[in-house]
Amino acid sequence: LLKDPRMIATWSAWEPVLHRAIKLWVYRSPLAVARSLRTRNGFPLEYGLLLWEFYNRQALAAVAGTRFVAVSYDDFADDPQTGWSQLQQSLGALGQELPVEAPAELFDRQLDHSAAPQEESTRLTSQQLALDHYCATVCRVQELAAEVPSPTPGLAVKIEEFAQAFGKLSELAALEMSLAGVTTER
């Protein structure tokens, strides 16, 4: 089992080696991801939403035409035992067995610090809302529909613009720290 959401960025290198593997796609709501990125990395919510959209589009492309199981993080977190049973059934249908019993400490909802307030849902583009609905449906039915909703216009350009702005801010912060006599050791 390999777990790193950023692995999708290098999937084309992994795919020839793992082409027969069953892919387990864990879907998480856009606002929860964006809030987590804001808390952990200081990213603006809009940037986190763009990254969520980009990575989920990449994940959908990676599982298309392959053996995969889609799991909703939120559904699993809300009822870990039922989520485990559904995961067992889905993997079993693909010929992969899991231990009969779920681990006692399967999931600790207390560790989730990214629940999104309802009013933040207005930050999603119409394309992100459509993709959120599409992804949630894939988790329920365990198959991709014919067409993935269209992306937010200029998605890649917007991500690049945010990344460039962060680079400049990082350089400015480093200069300010240097002028203040603060050193950073890694």
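For clarity, every value in this text was computed on a predicted model and none was experimentally measured.
Judged purely by atom type and a 3.5 angstrom limit, R67 uses its side chain to pair as donor or acceptor with the backbone of L94. Judged by distance alone, the side chain of T66 and the main-chain N or O of V63 form a donor-acceptor pair under 3.5 Å. With hydrogens and angles ignored, the 3.5 Å screen pairs no side-chain donor or acceptor of Q128 with any backbone N or O of T152. Not a single donor-acceptor pair under 3.5 Å links the side chain of E15 to the backbone N or O of S12.
Shown here for Q127 and P153, the closest heavy-atom pair between the two residues is NE2-CD, 3.6 Å. The two residues S72 and C139 come nearest to each other via the heavy atoms N-SG, 3.7 Å. The two residues I22 and L91 make their nearest non-hydrogen contact at CG2-CD2, 3.8 Å. Counting all heavy atoms, side chain and backbone alike, L124 lies closest to P30 at CD2-CG, 3.5 Å. Closest approach of S29 to W52, counting heavy atoms only: C-NE1, 4.0 Å. Taking all atoms of both residues into account, the shortest heavy-atom contact from R28 to V33 is CB-CG2, 3.8 Å.
With sequence neighbours excluded, the residues that form a side chain to side chain donor-acceptor pair (under 3.5 Å) with T10 are W14.
Because its NZ or CZ atom is not both nearer than 6.0 Å to the ring centre of F43 and within 45° of the ring axis, R38 does not count as a cation-pi partner of that residue.
Note: T125 OG1 to L49 CG = 8.0 Å, rounded to the nearest 0.5 Å. Atom CZ of F54 is separated from atom CD1 of I8 by 9.0 Å, given to the nearest 0.5 angstrom.
Residues W25 and Y27 place their aromatic rings such that the two centres sit under 6.0 Å apart. Checked against the 6.0 Å centroid criterion, the rings of Y47 and F166 qualify as a close aromatic pair.
Every pair passing side-chain hydrogen bond (donor to acceptor under 3.5 Å, both in side chains) that includes a residue from residues 134-145 is listed here, sequence neighbours excluded: T137-R140.
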